[in-house]
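The next block holds one structure in the form of C-alpha cells; read it before the comments.
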Amino acid sequence: MSAVYRLDRREFLGGLFSAGALVLAAPMALEGAVPAFMPTVYLGLEPDGTVVIVAHRSEMGTGIRTSLPMVAADELGADWKRVRIEQALGDEKYGSQNTDGSCSIRDFYDALREAGATARMMLERAAAAQWQVPLNECSAVDHEIVHRSSGKKAGFGTLVAAAAKQPVPAKADLKLKPASEFKYIGKGVPMADQVDIVRGKGTFGYDAKMPGMLYASIERPPVVGGSVKSFDGTAAKAVKGVKDAVVLPTFQKPYGYKQLGGVAVLADNTWAAMEGRKKLQVEWVGGENESFDSDAFRKKMSETVRSPQKAARNKGDVDKAFASAAKTHEAEYYTPLLSHAPMEPPAAVAEFKDGKVTAWAATQNPQAVQEAVSEALGIPKTDVFCHVTLLGGGFGRKSKPDYVVEAALLSKQVGRPVKVSWTRQDDIKFDYYHACASVYMKAGLNAQGRPEAWLQRVAAPSLMNLYQKDTMVLSPLELGLGFIDVPFDIANLRVENGPAAAHVRIGWLRSVNNIQHAFAIHSFVDELAHLAGRDTVDYAMDLIGPARRVDFSGQGFEHANYGQKEDKFPLDTGRLRRVIEVAAEKSGWSRNKSAPGHAWGFAAHRSFLCYVATVVEVKVDKDGKLTIPTVHYAIDPGQVIHPDRVISQFQGAAVFATSGALLGEITATGGKVKQANFNNYPVARMNEAPQQVHVHIVPSNEPPGGVGEPGVPTIAPALANAIFAATGKRIRELPLKKTRLV
Amino acid sequence: MVQLSVNGVARKYDGDPEMPLLWYLRDLLELAGTKYGCGAGLCGACTVHVNGQPVRSCITAMKDTAGKKITTIEGLSPDGKHPLQLAWQELNVMQCGYCQSGQIMQAAGLLKEKPKPTDADIDAYMTGNICRCGTYQRIRSAIKKAAGVKA
Ligand code: FES
Ligand code: FES
C-alpha cells in the first residue's frame, strides 16, 4: 500500500499550508511498514498557485533541500520559481529523516514522483471537467493546465479549489512522465539557499536565536566517561556578562547520543561564556578510558590482525590454496582515528517550558533529537519540537545530537532558552571519531601472479558501541562497507574479524569503514599488480572478473548491501568494469607514463550502491612536496536527478578524502585527545587539495544510488598508488604526511 | 568607549575591550553572516574588511577597532550583487555555504590588490580560508569569472 492520499488533518503539519490549500501525502512503498509510520512526503497547492513542498531531509551541502522538491515539481509540471520549500520539523511521520547513508534520493524518488503526478492529475481532471473536454487532451505545462487543441489555459492557483474536490487517483491510473519530458530531473535548478548564503543571510545552527536566551560554553570531562569531582565557579561568575555556572549530569555508557557532562558557564554573549569557562576550577574523575593510549592501541590492533581471527566470510578452501600457492604476499595497513570537523561546529538552541522542549538545531537527524532529549529530560518524544536549520557541514557528526541534549538540559536548569555553541576545540576533542583500523591482507599467487587464495583480516573499534556498551567486534553492517563484499573473482577467499575496544566515542564519518577497507584492498591490488609486472587497471579487471551479478550465497554471511535487496541493487561487476573503462579512457591512463616525480594511481570501489573508479595524478618535487594536479572520477550512481550537485559532491569528496589521507590523525594519551584545532588537526587547503577534479557520469537507468559518500573511499588508495609510482615508496599507513617522500 | 563604523553605520561599544570583533558583530549587532570556524585565525570563516583590508575578526580585539571602518558580508554590496556574489551563484560554488561569506570577503580583498589574478595568486591569497566541503575548484573559477580572466 503506497497510494497517495489527501491530508485533511492539516494542523498536523504545523501551519505549513494555508486553509485553502490542497495537501497530498505520498507514503513510500515499504514492505511490511505499519501505515501510521509510513515514511511520507508532503506536497501542497496553495490557492495563489504556490506549490509548497516539504523538505524533510537536512541540508548540509548536498543540495538535497533542492533536489527532493525538484523531483515532485517536475512531475507536477510546476514552474520552479513558484515552488516554496518548507523545512520539516522532526517527526516520525516523515519516515526516517536521518540524512545519512547517502540514501535520500534513493528512498524517496518514487514517492516524490507519485505525489507530483497525483497533484497534476487532479488539476487536469478539474480543468477537463470545467472545459468539458476529454482528460487526455489536458496537460500541465509551466504551472498551467493547457488544453492542446483549443489553447485554453488555467493557472494552477485557479484550479486548486476544484482540484481538491476531485477524487485522489488510484496509483494504477497515475501516468508518470517519460524521461524525455523531464524539465528539471537530470538537469537541475539553482540551489535553494544560495542567494541568501552569498549575502550572509542563511541561518545555520550557530546563528539560531531565541528571545531571552543565554549563551553556554561547556567544559567537558577531558576523558570521555569521566565526571566532575568538584568545581569552583566563583572566578567564572565574576566575569562580566556571566550569569551562572552549573554542573551537567554525569554521562553513562553506552555512548549513544548523550551529553558528556561537565560544567557549563552561561552568559549574555558567546565571548563572556567562553571567558568565564576559562576561569572555572574543576577537578575531574578520569573514568575507565583514562588508560587509553592511541599508540599502544594501534600495536594491539596490529597484533590482532597478525593472528587468526573468527571467519566472517568463507569461500572455497583458503588454507589449502595457500599451501599450494607458488608464492604469497602479505601486507598490513593502518588508518587512524579521524575527526569530522565540519566547518560549523555543533550548535543548538533549546527552550524547556511547560514540560516541553522546542529546539533549533543544525542536525542531520531531528528525530534522534526528539529521542535523545526525551530520554535525558524524561518527557514524551512528542513533546520535543525540533526545527532544522541549515547545517554548516555534517559528514555524519550532526546525526548525533548530544549538543541539543546539552541545550535542553541547561534550559531546564536555568529556566531560560539556552544556546550551546561548541568551540572548534570542543568539536575536535569530543567528536564521535571515525574508527581507526588495522587491516591485514594476504594473497597466495599462482605462477602468473594471480591470487588463488585471498585473506582479509580487520580489527577496528565498532560504532555499535553507541548502542551497546563494550561491543568488541565490527558488526555485519560495518563489515558490509566494502570489506566482506569484496567482489573479486577468486576461488578461495576468507574474511576475518578481530576484536578491538572503543575508548572514545566512535561514530560514522562520510563513507564510514569504506575508508580503511578501500585503502587496504586497493593498495594491495596495486602491490600485487606490480609484483606480477602487470598494469594495475588490467590486473584489477582480471580480479573483478567477467560482468556478472556477484552471488554471495553459501559463504556464511548476509550481504548487507546498504539495506537494499539484491534483486533491485545487485553487486553488478559489469557496472564496475564500465566505470573503470571510462576512468581509464578519460584520464588517458594508457598514454600517461608514470615516471619519477610525476605519476598516476588508480582504485575502483563500490559503496552506497554507486560504482566509482578514480585516477589520481601526483607530482612530487625534489623536496618531497606533493601536489595533485588532477583527479578523474568515472561514476555510475544509477539515475542522476541533479547532475551539477552530483558533480559537486564528488569534487568535494575528493578534497574531503585528501584531507583524511594526507593530513588527518587523532591521537590520545591518558584518554585525552591531543588535537584541538586546524593547526594540529589540519585539513586540505586550496594549495593542497586536488586542483582539477573531473567527474564523468556514466549514463544509467538503474535506480538511484548514493552520491554524497562514494567519492571518498577511492582517493586514499589511488593517491598512495600514485605516490608509489612516482617515488617507489609504498605507503601502508595514513596519514601520508607521516612518510617522507624523498 | 570604542567608536567604529560597521557597514557605514556609526557604532559605540563599551564592553570588554578584549572581546573579538567576531562576537560583537554576531551577538551584539546580530550580523550573523560572519562565521566562527576556529577562533584562532586558522580558517578564515570570520573574514571581514577593516578599512578595506581582509582581516580575521576572531582575533581582532574590539579595542583595536577604534576609528576603523568595518565591512561585513552583509555590507559588501548594497544590493547583494557584487561581481563575486554573482559569480558564486552562476557557478553554483556553495555546498553547505558556511565558509562562503569568509571566502567572498577574502576574494574581494584579492581583487582589490590584483584585479586580474593568476591561479598562483589565487592559491596564495586564499589558502588561509578553509572550505571543509571542498569547493576550492569552483571558488578559483568564480574569482576568475568575477575578475573577467579566462578560466
Ligand atoms: S574563525 Fe577566525 S580564522 Fe577561523
Ligand atoms: S561550502 Fe561548506 S565549508 Fe565551504
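Letters A, B, ... mirror the listed sequences (proteins, then strands); counts begin at 1. Bear in mind the structure is a predicted one, so any value in this text is a computation, not a measurement. Heavy atoms only: backbone and side chains are in, while hydrogens, waters and symmetry mates are out.
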Looking at B:Tyr36, B:Tyr98, B:Trp88, which one has more heavy-atom pairs under 4.5 Å with chain A than the rest? B:Tyr98
Cut-off 3.5 Å, side chains only: do B:Asp27 and A:Trp271 have a donor facing an acceptor? no
Is B:Leu76 in contact with chain A via its backbone, its side chain, both, or neither, using a 4.5 Å heavy-atom distance? neither
Under a 3.5 Å cutoff, is there a donor and acceptor pairing between the side chains of B:Arg11 and B:Ser5? no
Most contacts with chain B, counted as non-hydrogen pairs under 4.5 angstrom, among A:Ala272, A:Pro345, A:Ala347: A:Pro345
Just checking, is any N or O donor in the side chain of A:Glu617 or A:Thr630 under 3.5 Å from an acceptor N or O on the other one? yes
Which portion of B:Leu31 sits near chain A, non-hydrogen atoms under 4.5 angstrom: neither
Highest number of heavy-atom pairs under 4.5 Å with chain B: which of A:Gly202, A:Pro682, A:Ala341? A:Ala341
Of the backbone (N, CA, C, O) and the side chain (C-beta and beyond), which part of B:Asp119 lies under 4.5 Å from a heavy atom of chain A, both, or neither? neither
Can you tell which part of A:Glu688 gets under 4.5 Å to a heavy atom of chain B, answering side chain, backbone, both or neither? neither
Counting only heavy atoms not in B:Lys81 (residues, nucleotides, ligands), do more than 12 fall under 6.0 Å from its NZ? no
Need one label for B:Thr127: side chain, backbone, both or neither, based on atoms under 4.5 Å from any heavy atom in chain A. both
Between A:Ala684, A:Pro190, A:Ser659, A:Ala689, which has the largest tally of heavy atom pairs under 4.5 Å with chain B? A:Ala684
Using the six-membered ring of A:Phe656, assess whether NZ or CZ of A:Arg510 lies under 6.0 Å from its centre and within 45 degrees of the ring axis. yes
Max heavy-atom pairs within cutoff under 4.5 Å with chain A, candidates B:Gln100, B:His82, B:Gln89, B:Glu74, goes to B:Gln89
B:Arg132 side chain reached by A:Phe395 side chain, heavy atoms, under 4.5 Å: yes
Between B:Ser101, B:Cys131, B:Gly80, which has the largest tally of heavy atom pairs under 4.5 Å with chain A? B:Gly80
Side-chain contact, heavy-atom cut-off 4.5 Å: B:Met126 with B:Ile143? yes
Would a 4.5 Å heavy-atom cut-off, applied to side chains only, mark B:Gln106 and B:Tyr125 as touching? yes
Validation row: A:Ser648, B:Thr135 side chains within 4.5 angstrom (heavy atoms): no
Residues A:Tyr403 and A:Ala362: closest non-hydrogen pair is OH-O, 2.6 Å
Report yes or no: is the cationic atom of A:Arg277 (NZ for Lys, CZ for Arg) under 6.0 Å from the centre of the six-membered ring of A:Trp422, at an angle within 45° of the ring normal? no
Top of B:Gly134, B:Gly15, B:Ala120 for chain A proximity - count of heavy-atom pairs under 4.5 angstrom: B:Gly134
For the interface with chain B, which of A:Thr203, A:Ile428, A:Asn679, A:Asn687 has the highest count of heavy-atom pairs at distances below 4.5 Å? A:Asn687
At a heavy-atom separation under 4.5 Å, does A:Val195 approach chain B through its side chain, its backbone, both, or neither? both
For chain B, the option from A:Thr270, A:Val239, A:Ile197, A:Asp196 that forms the most heavy-atom pairs under 4.5 Å: A:Thr270
Give, as side chain, backbone, both or neither, the part of A:Ala676 having an atom under 4.5 angstrom from any heavy atom of chain B. neither
Between B:Asp123, B:Ile104, B:Leu42, the one whose heavy-atom pairs under 4.5 Å with chain A are most numerous: B:Leu42
Residue-level contacts of residues 205-213 of chain A with chain B, using a heavy-atom cutoff under 4.5 Å: A:Tyr206, A:Asp207, A:Lys209
Tightest non-hydrogen contact, residues B:Ile73 and A:Gly200, listed as CG2-CA, 3.6 Å
Quick test of your reading of the model: are A:Asp431 and A:Arg397 salt-bridged, counting only N-O distances below 4.0 Å? yes
Where on B:Arg138 is there a heavy atom nearer than 4.5 Å to chain A: the side chain, the backbone, both, or neither? side chain
Given B:Gln137, B:Arg140, B:Arg26, the one with more heavy-atom pairs under 4.5 angstrom with chain A than any other is B:Gln137
Taking side chain to side chain contact (heavy atoms under 4.5 Å, CB included) as the criterion, tell me which of A:Leu663, A:Asp427, A:Leu338 meets it with A:Tyr681. A:Leu338
Between B:Lys63 and B:Glu18, does at least one N-O distance fall below 4.0 Å, as a salt bridge requires? yes
